[in-house]
Amino acid sequence: MTQSVRVQNFMVSADGYGSGEGQSFERPFGHADPSAFFSWAGATAHWPTRTEPGGTYGLDDYITRDYRHNIGAEIMGRNKFGPHRGPWENYDWQGWWGDEPPFRTPVFVLTHYERPSITLGETTFHFLNVTPKDALARAFEAAEGKDVRIGGGVATIREFLDADLIDRMHFAVAPVELGRGERLWTSPDELVDRFHLERVPRPSGIVHHFFWRK
């Protein structure tokens, strides 16, 4: 079976921003309100951090569960891993996710400043200063026949799009406007030269955008 490169469950504002301005330790999404992006997924029955029974089923729940389906590795940018910029002052920072990150696969972090790999629970983070193509080769090998997820942020997704390395994408577009931050697109129609696009609106106000190669 051919391995695919996927963007899965990436959140975007109605005006095309994937994160707000001014990321910090206290505000991982900058000035954006995370609840505006994630409330649809948090309401589903299979949201990974759900602590009480209940939750919705249907398409939103299927998409929540599909996040991990057949994923063998992830590639992310340094800004998704943490708020720090420039050379590492030390290696104390180990990501936003605590002792048990949700990935449970090898994760390749693209950075200009490499550091030793770290393992937390079932997730190992590797830090690479390489091209998207070379990072993907490493991720495919680590994925052992499964797909590779491009986890973000926006700059990393754009790099892989510019290199024409992505096969399928899912974006959840929230009914909020950010006005500034990291912009993924002016319009999703910018991508229809290479991808089919289907939009599926939901009662929550989220519009799921599914892209697959022509």
Side-chain angles (χ1 to χ4, degrees), residues 4-23 27-50 54-71 74-77 79-80 96-97 102-103 147-214:
S4 293
V5 182
R6 295 159 46 190
V7 174
Q8 193 78 29
N9 297 20
F10 193 82
M11 315 301 180
V12 183
S13 69
D15 53 349
Y17 292 92
S19 67
E21 189 176 70
Q23 184 194 50
R27 303 173 73 182
F29 292 88
H31 77 285
D33 176 5
S35 66
F37 286 93
F38 292 99
S39 59
W40 71 272
T44 63
H46 290 88
W47 180 242
T49 58
R50 174 173 288 284
T56 63
Y57 285 83
L59 177 63
D60 287 352
D61 187 59
Y62 173 84
I63 290 170
T64 301
R65 287 182 283 123
D66 199 42
Y67 177 74
R68 286 202 184 102
H69 177 69
N70 199 46
I71 293 293
E74 170 156 332
I75 298 171
M76 68 171 64
N79 290 4
K80 179 174 177 178
W96 303 105
W97 305 280
F103 309 103
D147 294 344
V148 172
R149 182 174 55 232
I150 308 302
V154 169
T156 299
I157 292 173
R158 293 299 326 185
E159 276 190 283
F160 279 80
L161 279 172
D162 291 345
D164 202 26
L165 294 173
I166 299 178
D167 300 304
R168 291 184 284 145
M169 300 184 289
H170 163 254
F171 298 99
V173 178
V176 296
E177 294 192 359
L178 297 183
R180 64 192 192 279
E182 281 198 279
R183 198 165 205 169
L184 179 68
W185 58 46
T186 302
S187 166
D189 292 328
E190 296 166 5
L191 301 175
V192 299
D193 59 329
R194 286 180 285 160
F195 294 92
H196 300 283
L197 167 59
E198 184 170 348
R199 298 173 173 90
V200 183
R202 302 295 295 154
S204 62
I206 288 286
V207 180
H208 295 297
H209 287 56
F210 298 95
F211 295 85
W212 65 101
R213 277 189 176 275
K214 289 184 175 179

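Sequential numbering from 1 along the given sequence is applied to the chain's residues.
- Atom CG in L161 sits 5.5 Å away from atom CZ in F195 (nearest 0.5 Å).
- Checking side-chain atoms of H31 against main-chain N and O of L178 turns up a donor-acceptor pair under 3.5 Å.
- The shortest non-hydrogen separation linking A36 to A174 is O-CB, 3.4 Å.
- Here the side chains of I150 and E159 are not in contact, with every heavy-atom distance at 4.5 Å or above.
- Proximity of R202 to I63: side-chain heavy atoms (C-beta onward) are nowhere separated by under 4.5 Å.
- Listed by first and then second residue, the salt bridge (charged side-chain N to carboxylate O under 4.0 Å, His left out) pairs involving residues 169-179 amount to none (not counting sequence neighbours).
- Between Y57 and H46, the angle of the ring planes goes over 60°, which puts this pair in the perpendicular group of the 30/60° scheme.
- When atom types are taken as modelled, the side chain of Q23 and the backbone of F29 share no donor-acceptor pair closer than 3.5 angstrom.
- In terms of modelled atom types and a separation under 3.5 Å, the side chain of K214 and the main chain of V192 share a donor-acceptor contact.
- Note on ring orientation: taking the six-membered ring where Trp is involved, the planes of F38 and W47 are tilted (angle from 30° to 60°).
- Not a single donor-acceptor pair under 3.5 Å links the side chain of H170 to the backbone N or O of F210.
- Panel note: side chain Y67, backbone Q8; no donor-acceptor pair is recorded below 3.5 Å.
- When all heavy atoms of D164 and R194 are compared, the pair lying nearest together is OD1-NH1, 3.2 Å.
- Inter-residue side-chain proximity for V12 and W185 is flagged as met; some heavy-atom pair is nearer than 4.5 Å.
- Nearest heavy-atom pair across G153 and K80 is N-CB, 4.1 Å.
- Separation of atoms CE (M76) and CD1 (I157) is listed at 11.5 Å; rounding is to 0.5 Å.
- For the atom pair CD of E198 and NE2 of H209, the computed distance is 11.0 Å after rounding to the nearest 0.5 Å.
- Remark: L191 CG to F171 CZ distance equals 7.0 Å, nearest 0.5 Å.
- Interatomic distance, D189 CG to R199 CZ, rounded to the nearest 0.5 Å: 4.5 Å.
- One side chain, D60 or H208, offers a donor N or O that lies under 3.5 Å from an acceptor on the other.
- Side-chain atoms of R50 come within 3.5 Å of backbone N or O of G42 as a donor-acceptor pair.
- Inter-residue side-chain proximity for V7 and F160 is flagged as unmet; no heavy-atom pair is nearer than 4.5 Å.
- In terms of heavy atoms, P48 sits closest to R68 at CB-NH2, 4.2 Å.
- Taken to the nearest 0.5 Å, the CG atom of D167 stands 14.0 Å off from the CH2 atom of W212.
- With R183 contributing its side chain and D15 its backbone, the two residues share a donor-acceptor pair below 3.5 Å.
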Show your working on side-chain contact (heavy atoms from CB on, under 4.5 Å) between L184 and M11 and close with a plain yes or no. CA-CA 10 Å; L184 179 68; M11 315 301 180; over 6 Å; no
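- Put simply, the side chain of T44 gets close to the backbone of A41: a donor and an acceptor are under 3.5 Å apart.
- Because its NZ or CZ atom is not both nearer than 6.0 Å to the ring centre of F103 and within 45° of the ring axis, R149 does not count as a cation-pi partner of that residue.
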I would like to know whether W40 and T64 meet side-chain contact (heavy atoms from CB on, under 4.5 Å); could you show each step before the answer? CA-CA 9 Å; W40 71 272; T64 301; 4.0 Å; yes
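- The shortest non-hydrogen separation linking I206 to A172 is CG2-CB, 4.0 Å.
- At a threshold of 4.5 Å between non-hydrogen side-chain atoms, the residues P28 and W96 count as touching.
- Using a 4.5 Å heavy-atom threshold, the side chains of V154 and F10 count as touching.
- The backbone N or O of A32 sits nowhere less than 3.5 Å from a side-chain atom of R27 that would complete a donor-acceptor pair.
- Minimum interatomic distance between D61 and A45 (heavy atoms only, all atoms of both residues): OD1-N, 3.2 Å.
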